[in-house]
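What follows is a set of notes on a single structure, which appears directly below.
Whatever order the structure lists them in is the order used to number ligands and atoms, beginning at 1. Keep in mind that this is a model prediction, so the values were computed, not measured. Heads up: numbering here begins at 1 and tracks the sequence.
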Amino acid sequence: MKAKAQKPRNLAVVHGKRVAVLGAGSWGTTFAKILADGGSDVVVWARRPELAREIQEAKRNSDYLPGVNLPVSLRATARLDLALAGAEQVFVSVPSQSLRENLVAVQPHLGENAIVVSLMKGVERASGLRMSEVIAQVLPIAPDDIAVISGPNLALEIAKQQPTAAVVSSTSLETAQAVAMLATNGYFRSFVNTDVIGTEFGGVLKNLIAVAIGIVDGVGYGENTKASIITRGLVEMTDFAVAYGAQPETLSGLAGLGDLIATCQSPLSRNNTAGRLLGQGYSFGDVVKQMQQTTEGFASVGPILELARAKGVEMPIVEQVRQVLDGTLDPKDIAPHLTTDSDEPQGERTLDDGQAHGGAALWGSLKRAFHQLRNGGRGSLGD
Ligand SMILES: NC(=O)C1=CN([C@@H]2O[C@H](COP(=O)(O)OP(=O)(O)OC[C@H]3O[C@@H](n4cnc5c(N)ncnc54)[C@H](O)[C@@H]3O)[C@@H](O)[C@H]2O)C=CC1
Ligand SMILES: O=C(CO)COP(=O)(O)O
């Protein structure tokens, strides 16, 4: 029997707050639908006028969301000033590498008390900064007015109103709650936390593990290999994010494990699909040409490995993804060296030996501090 889509709960009469969504690709358009179905007065900004016209007039985005009818209340424009006029909350969903240039154009039109929300899952290649950090750098707004949203959110499934959850995170719980109030309807539920670092890095890092899973799929390996990579991948994600100040629990939540499961399992994932093509033997250049949509993992792998090195975090799976992208590792060799170069048996949890030394977290910090000392105190990209 075909699953029945959930009905949106129409809250238009309850609030009708004016919001803007910047970026009319698959996620921007889907998120605009989430907000409109939750009762907000939404204007989407599309870079291409013909796309803005299709959304505005036909209530369709046929390239990105084929077969999906958008809410009749949803409006679209190719003019940033019109999209931003009066917007209390601004949701940004452009490719991560274009965020900075887009924010420069946004700045003159941004309302004084507007909250800016990142829907993106990448880091800036040149700086290694998370999207909320780029927003804080470019826009004259307080960190408490910035939020991020992440979770197992494959756009097309949500556009078809299949029930889904996400996390809204901000250093201000009040801001996270204000955003979550609008980003909730009958088929989409937003939870809140204040761990921006963990929430953002969860979204970035699961993309890299999804590329690895795609590679394994393309090669033709089975479920044991994939389960091993997903599980060890989560350890890498958690070690990395915690080294940068995240709460480990965030990585076992929707923005970590939740998104990892969705992205690694679904052919709808662009990162997973791109990995599969690599595993089937296509070169990186061929895969980039074939991918019609944003594949964030490709741009993130370099900066993430650099950030990992700076904190002494080992990421053997992500490292192997880089080698496959570079053409220095045969995709079929990705699994055998799942752990480090050492032949010695390793504890399953990175911090296991630390617990014997009287505190896993402390031991992890000491290991990282030692590593940084050995590397001349380098702590971040570009140091
Ligand atoms: N598609 C999904 O299921 C989800 C995507 N995301 C994240 O959302 C972000 C956006 O991804 P998608 O919407 O999926 O990508 P997409 O490839 O579907 O759409 C990207 C949109 O940005 C436009 N664009 C390209 N270059 C631009 C530029 N320089 N300035 C402004 N616009 C530009 C494109 O024309 C297109 O409309 C990514 O960071 C992605 O990781 C997050 C959750 C779910
Ligand atoms: O982030 C996503 C699902 O949560 C979408 O993943 P892809 O960018 O790989 O399509």
task = Quick one: do Glu223 and Lys226 satisfy salt bridge (charged side-chain N to carboxylate O under 4.0 Å, His left out)? Show the steps, please.
result = CA-CA 5 Å; Glu223 301 310 319; Lys226 285 188 267 182; 3.4 Å; yes
Can Arg130 and Glu133 be said to form a salt bridge (charged side-chain N to carboxylate O under 4.0 Å, His left out), step by step? CA-CA 5 Å; Arg130 289 174 282 111; Glu133 294 178 302; 3.3 Å; yes
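Close approach to Asn271 involves these atoms of ligand 2, each under 4.0 Å from a residue heavy atom: 7 (P), 8 (O), 9 (O). If you number the atoms of ligand 2 from 1 as listed, the ones under 4.0 Å from a heavy atom of Asn153 come out as 3 (C), 4 (O). Per-residue contacts place Asp259 under 4.0 angstrom from the following atoms of ligand 2 (heavy atoms of the residue considered): 3 (C), 4 (O).
Polar contact check, Gly151 against ligand 2: a nitrogen or oxygen pair lies under 3.5 Å apart. Here's the thing with Asn272: none of its N/O atoms is less than 3.5 angstrom from an N/O atom of ligand 2. Looking at ligand 1, you'll find an N or O of Glu296 within less than 3.5 Å of one of its N or O atoms. Backbone and side-chain nitrogen or oxygen atoms of Thr294 are examined, and none is located within less than 3.5 angstrom of a nitrogen or oxygen of ligand 2.
Closest heavy-atom approach to atom 6 (N) of ligand 1 within the set Phe31, Tyr64, Trp45, Trp27: this belongs to Trp27. For atom 44 (C) of ligand 1, the choice among Val92, Thr263, Asn153, Leu268 with the nearest heavy atom turns out to be Asn153. For atom 19 (O) of ligand 1, the nearest non-hydrogen atom from the set Gly25, Gly23, Ala166 belongs to Gly25.
Between the side chain of Ser172 and the backbone N or O of Thr175, at least one donor-acceptor pair lies under 3.5 Å. The backbone N or O of Ser132 sits less than 3.5 Å from a side-chain atom of Glu200, completing a donor-acceptor pair. Trp45 contributes a side-chain N or O that, together with a main-chain N or O of Ala78, makes up a donor-acceptor pair within less than 3.5 Å.
The closest approach between any non-hydrogen atom of Gly122 and ligand 1 is not below 4.0 Å. In this structure, Lys121 is part of the shell of residues with a heavy atom less than 4.0 angstrom from ligand 2. The closest approach between any non-hydrogen atom of Pro95 and ligand 1 is below 4.0 Å. The closest approach between a heavy atom of Lys206 and any atom of ligand 2 is below 4.0 Å. Heavy-atom distances between Gln292 and ligand 1 stay at or above 4.0 Å for every pair.
Cation-pi contact between Lys311 and Tyr244: present, with separation from the ring centre below 6.0 Å and deviation from the ring axis of at most 45°.
For Arg48, every heavy-atom contact with ligand 1 shorter than 4.0 Å involves the side chain, none the backbone. In Asn102, the part holding a heavy atom less than 4.0 Å from any atom of ligand 1 is the side chain. The proximity of Met120 to ligand 1, defined as any non-hydrogen pair under 4.0 Å, involves the side chain as well as the backbone. At a heavy-atom distance under 4.0 Å, atoms from both the backbone and the side chain of Ser26 approach ligand 1. With a heavy-atom cut-off of 4.0 Å, Leu154 touches ligand 1 through its backbone alone. Residue contacts with ligand 2, taken as heavy atom pairs separated by less than 4.0 Å, do not involve Gln293 at all.
Annotation: Asn224, atom CG; neighbour count of heavy atoms from other residues, nucleotides and ligands within 6.0 Å does not exceed 12. More than 12 heavy atoms of other residues, nucleotides or ligands shown are found within 6.0 angstrom of CD on Glu50.
The two residues Lys17 and Leu182 make their nearest non-hydrogen contact at CB-CD1, 4.2 Å. The minimum heavy-atom distance linking Pro152 with Gly258 is given by the pair CB-O, 3.4 Å. Between Ile304 and Phe240, the shortest heavy-atom distance links the atoms O-CE1, 3.4 Å.
Nearest protein neighbour of atom 15 (O) of ligand 1, counting heavy atoms only, is Thr294 OG1, 3.1 Å. Nearest non-hydrogen protein atom to atom 11 (O) of ligand 1 is Arg270 NH2, 4.1 Å. Protein heavy atom in closest approach to atom 8 (O) of ligand 2: Arg270 NH2, 3.0 Å.
Of the candidates Thr29, Ile158, Ile55, Leu65 forms a side-chain contact (heavy atoms from CB on, under 4.5 Å) with just one, namely Thr29. Only one option out of Asp259, Asn153, Asn207 pairs with Lys121 in a side-chain hydrogen bond (donor to acceptor under 3.5 Å, both in side chains); it is Asp259.
Arg309 and Glu306 are not joined by a salt bridge, as no carboxylate oxygen comes within less than 4.0 angstrom of a charged side-chain nitrogen.
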